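Right, one structure below, let's go through it.
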Amino acid sequence: MIASTLTAQTVASKLSGILDEPLVELASDGTVEGDIDNDTSSSDRVIIVASTTTSSAHMDLLELQELASKRDPDKIITVLSYMGYARQDKAFKYGAPISARAVAQPIGTGTDQVYVVNPHNVSVLDYFGVPAEPIDAAPKLAKAIPNDLTDPLFLGPDEDATWIARSVRDSYGSGEVDNFDKLRHSATSVEMTTSETEFTGQDVILADDMIATGGTMSEAISILDEQDVGRLFVTCVHPVLAGKAVSKLYRAGVDNICATDSIDKSVSKVSAAGPIAEKF
Ligand code: R5P
């Protein structure tokens, strides 16, 4: 059976459909609402799908794990379609907490196995203290791109995003892969430099693991604006889209943003459920 935090209902519903396993509401004694049997004695496994976009979603996940444990299942498996704080994977200054570790440790105590959809850095998987694996949902982004692109270029806005761009390209089937170089000055300010490459006439697909403030993508778009590129598509796995990120991107000239439903937003045009289902 599958249980979901409020924030992961869409991707959990789709996973339920693909796996043909019921999506249930768990009660405090471990029983479930709905039309499946309420036998509390045992069940093979409980899959909990969570998108920890907020502190409350994180708490929601820990409570679901506690409820699931009341069923005494063979296995509790936690799927993080989006892991909040994953970017804080080390102490960025002396004395600062490692936030990714702080959130991962309690999650690890309530589960036997963790899967994380496109963690910013796979090093965070060690923080759970139980077997943990990444899932790559980036190939699904290719499904939202027209199949008649001209000389397509799959571009990471920084070096770390190159493999996401490559993953989308491989799924699309053809095209070059390149990346910009990024220097982050603050949470909202980034400076970008280009490679020597000219992109004139090419259709460009920007691809990143996430868009948060939109600063990174806006900077990349402004560089592309100075070149005579063809159509421009902005893609990411996790549409965090904090504050006025969407307006910022539209002001920068993008009218085509595509993301997965790892976080359920209006731009979530493809689902991470397929790649998640492949683990089961
Ligand atoms: C950072 O390295 C990530 O891959 C993204 O580029 C970054 O998180 C995007 O953040 P923002 O939209 O705030 O620039």
Side-chain angles (χ1 to χ4, degrees), residues 51-54 80-93 96 98-101 103-104 116-125 127 134-141 153-169 177-195 204-225 232-260 262-269 272:
S51 180
T52 53
T53 48
T54 61
L80 296 175
S81 64
Y82 169 74
M83 178 187 172
Y85 292 100
R87 286 189 300 179
Q88 280 74 49
D89 54 358
K90 54 186 177 227
F92 288 104
K93 58 181 184 191
I98 301 175
S99 309
R101 185 172 63 188
V103 296
V116 184
V117 174
N118 293 92
H120 180 62
N121 190 317
V122 288
S123 63
V124 298
L125 299 172
Y127 294 147
I135 290 174
D136 183 18
K140 289 289 169 194
L141 296 170
L153 171 70
F154 294 81
L155 190 60
D158 60 30
E159 202 179 346
D160 287 345
T162 313
W163 79 268
I164 300 271
R166 183 167 294 109
S167 192
V168 182
R169 190 279 311 270
V177 176
D178 203 344
N179 66 271
F180 289 150
D181 288 312
K182 179 173 86 175
L183 180 64
R184 182 174 282 284
H185 295 299
S186 70
T188 53
S189 161
V190 294
E191 183 185 328
M192 220 166 263
T193 49
T194 57
S195 63
V204 178
I205 304 91
L206 279 163
D208 207 347
D209 61 336
M210 72 171 77
I211 301 175
T213 65
T216 300
M217 282 298 187
S218 304
E219 191 63 24
I221 293 159
S222 69
I223 290 171
L224 292 168
D225 265 355
L232 177 60
F233 301 88
V234 170
T235 65
C236 71
V237 176
H238 306 301
V240 175
L241 300 175
K244 295 194 170 172
V246 172
S247 324
K248 191 187 274 184
L249 291 171
Y250 277 80
R251 268 202 309 276
V254 172
D255 56 7
N256 203 324
I257 307 172
C258 167
T260 79
S262 71
I263 300 172
D264 198 9
K265 295 277 171 89
S266 59
V267 299
S268 302
K269 297 173 188 163

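Every number for a ligand or one of its atoms is a count from 1 in the order of the listing. Fair warning: this is a prediction, and the values are worked out from it, not measured in the lab. Quick note: numbers below take in every heavy atom, side chains included, and nothing from hydrogens, waters or symmetry partners.
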What's the shortest distance from atom 14 (O) of ligand 1 to any protein heavy atom, and which residue and atom give it? Thr216 OG1, 2.5 Å
Could you pull out, from Asn118, Asp208, Leu249, Asn121, the option with a heavy atom nearest to atom 5 (C) of ligand 1? Asp208
Any Ile205 side-chain heavy atom under 4.5 Å of Leu141 side chain: no
Which ligand 1 atoms, with their elements, are less than 4.0 angstrom from a heavy-atom of Met210? 5 (C), 8 (O), 9 (C)
From Thr162 OG1 over to Phe180 CZ, what is the distance, rounded to the nearest 0.5 angstrom? 11.5 Å
Check each atom of ligand 1 against the heavy atoms of Ile211 and keep those under 4.0 Å away; list them by number with element. 12 (O)
Are His238 and Val117 close enough that some pair of their side-chain heavy atoms sits under 4.5 Å apart? yes
Within a distance under 4.0 Å of any heavy atom of Asp158, pick out the atoms of ligand 1 and give their elements. 2 (O), 6 (O)
Which atoms of ligand 1 have any heavy atom of Gly214 under 4.0 Å away? 11 (P), 12 (O), 13 (O)
Measuring only between side-chain heavy atoms, which start at C-beta, is Leu249 closer than 4.5 Å to Ile257? yes
Against ligand 1, does Pro157 come closer than 4.0 Å with any heavy atom? no
Less than 4.5 Å apart, side chain to side chain, heavy atoms only: is that true for Thr52 and Val103? no
I'd like to know if the side chain of Thr260 and the backbone of Ser262 have a donor-acceptor N/O pair within less than 3.5 Å. yes
Record the part of Asp209 in heavy-atom contact with ligand 1 below 4.0 Å; permitted values are side chain, backbone, both and neither. side chain
Distance, nearest 0.5 Å, that separates OG1 of Thr216 from CD1 of Ile211: 9.0 Å
To the nearest 0.1 Å, how far is atom 8 (O) of ligand 1 from its closest protein heavy atom, and which atom is that? Arg87 NH1, 2.5 Å
When you look for heavy atoms under 4.0 Å from ligand 1, do you find them on the side chain of His120, its backbone, both, or neither? side chain
Of the protein's non-hydrogen atoms, which lies at the shortest distance from atom 13 (O) of ligand 1, and what is that distance? Thr213 OG1, 2.6 Å
May I ask you to decide if Ala259's main-chain N or O and Ser268's side chain share a donor-acceptor pair within less than 3.5 Å? no
